[in-house]
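Here's the structure, in structure tokens; my notes come after.
Position 1 is the first residue of the sequence, and the numbers go up from there. Side chains are part of it too, since the values below use all heavy atoms of this structure and drop only hydrogens, waters and symmetry mates.
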Amino acid sequence: QVQLVESGGGLATPGGSLGLSCVASGNIVSINVMGWYRQAPGKERELVAAHTRIGTTNFADSVMGRFTISRDGAKGTVYLQMNSLKPEDTAVYYCYAAGIAGPDGYYTGSYWGQGTQVTVSS
């Protein structure tokens with residue numbers, strides 16, 4: 001009943017920028033947390049950035065100062081602006097949402113997008 005769809009991935013050179021978008025759809029009344037994880041080949045999925053409904057944010061140390069996260073308060077949409085990209089940022093980036101309330105109560109667990117590839121290479 002909940003879908004997350006990402007867009008905006010692609011290829012960038014070191015020092016470049018990319019912006020990712022994620023749109024949530026379904027029978028949704030509100031979403032507490034939306035954000036982004038990433039997973040590189042052979043590595044665990046890790047948190048990149050998160051944004052709560054009340055506006056608090058959290059960033060991985062590795063992206064702090066380079067990435068920004070924002071959210072459309074009127075829609076279930078979250079954005080990740082990635083600046084000063086490094087090769088180690090290369091990964092599949094996944095949108096996630098948690099604490100989703102539907103018309104009849106909360107949906108359990110977290111929801112994930114399909115992932116979008118970000119490649120940073122010279």
| field | Single-linkage hydrophobic cluster Met34~Tyr94, side-chain heavy atoms < 4.5 angstrom | value | no
| query | With a 4.5 Å limit on heavy-atom distance, are the side chains of Val118 and Met82 in contact? | reply | yes
| So which pairs with a foot in residues 40-71 pass ring pair (Phe, Tyr, Trp, His ring centres under 6.0 Å), sequence neighbours left out? | none
| message | Nearest 0.5 Å, please: how far is CD in Gln81 from CD1 in Ile69? | response | 12.0 Å
| Listed once per pair and sorted, the ring pair (Phe, Tyr, Trp, His ring centres under 6.0 Å) pairs that draw on residues 2-35, sequence neighbours left out | none
| Roughly how far, to the nearest 0.5 Å, is the CG atom of Leu85 from the CZ atom of Arg66? | 6.5 Å
| query | Can you name the residues that form a side-chain hydrogen bond (donor to acceptor under 3.5 Å, both in side chains) with Thr56, not counting sequence neighbours? | reply | Thr52
| Ignoring hydrogens and geometry, is there a side-chain-to-backbone donor-acceptor pair from Glu6 to Gln114 under 3.5 Å? | yes
| task | Sequence neighbours left out, what pairs pass salt bridge (charged side-chain N to carboxylate O under 4.0 Å, His left out) with at least one residue falling in residues 95-122? | result | none
| task | Would you give the length of the straight line joining atom OH of Tyr111 to atom CD1 of Ile100, rounded to the nearest 0.5 angstrom? | result | 6.0 Å
| remark: Smallest heavy-atom separation, Ser110 atom then Ala98 atom, equals OG-CB, 3.7 Å
| With sequence neighbours left out, what residues match Ser17 under side-chain hydrogen bond (donor to acceptor under 3.5 Å, both in side chains)? | Asn83
| ring pair (Phe, Tyr, Trp, His ring centres under 6.0 Å) contacts in which one or both residues fall within residues 10-30, not counting sequence neighbours | none
| query | Listed by chain and number, what are the ring pair (Phe, Tyr, Trp, His ring centres under 6.0 Å) partners of Tyr37, not counting sequence neighbours? | reply | Tyr96, Trp112
| task | Any chance you could pull the hydrophobic cluster mates of Val23, using side-chain heavy atoms under 4.5 angstrom and chaining through other members? | result | none
| For Arg53, what residues pass the salt bridge (Lys or Arg N to Asp or Glu O under 4.0 Å) criterion, not counting sequence neighbours? | none
| request: Answer yes or no: is there a donor N or O on one side and an acceptor on the other, between the side chain of Thr90 and the main chain of Val120, under 3.5 Å? | output: yes
For a quick test of your reading: what N or O donor-acceptor pairs under 3.5 Å do the side chains of residues 39-50 make, sequence neighbours left out?
unit_1: Gln39; atom_1: NE2; unit_2: Lys43; atom_2: O; d: 3.1
unit_1: Glu46; atom_1: OE2; unit_2: Arg38; atom_2: NE; d: 2.8
unit_1: Glu46; atom_1: OE2; unit_2: Arg38; atom_2: NH2; d: 3.3

| query | If you round to the nearest 0.5 Å, how far is OH of Tyr106 from OG of Ser30? | reply | 5.0 Å
| task | List for me each residue that meets side-chain hydrogen bond (donor to acceptor under 3.5 Å, both in side chains) alongside Thr57, sequence neighbours excluded, and say none if there are none. | result | none
| Ile31-Val33 co-clustered via ILVMFWY side chain contacts under 4.5 Å | no
| request: Starting at CD1 of Ile54, measure out to CG of Asn32 and round the result to the nearest 0.5 Å. | output: 8.0 Å
| request: Kindly state each residue pair satisfying disulfide (SG to SG under 2.5 Å) with at least one member in residues 77-122, sequence neighbours excluded. | output: Cys22-Cys95
| Does one hydrophobic cluster hold both Val92 and Tyr79, with members joined at side-chain heavy-atom distances below 4.5 Å? | no
| request: State, yes or no, whether a side-chain contact exists between Leu11 and Gln117 at a heavy-atom distance under 4.5 Å. | output: no
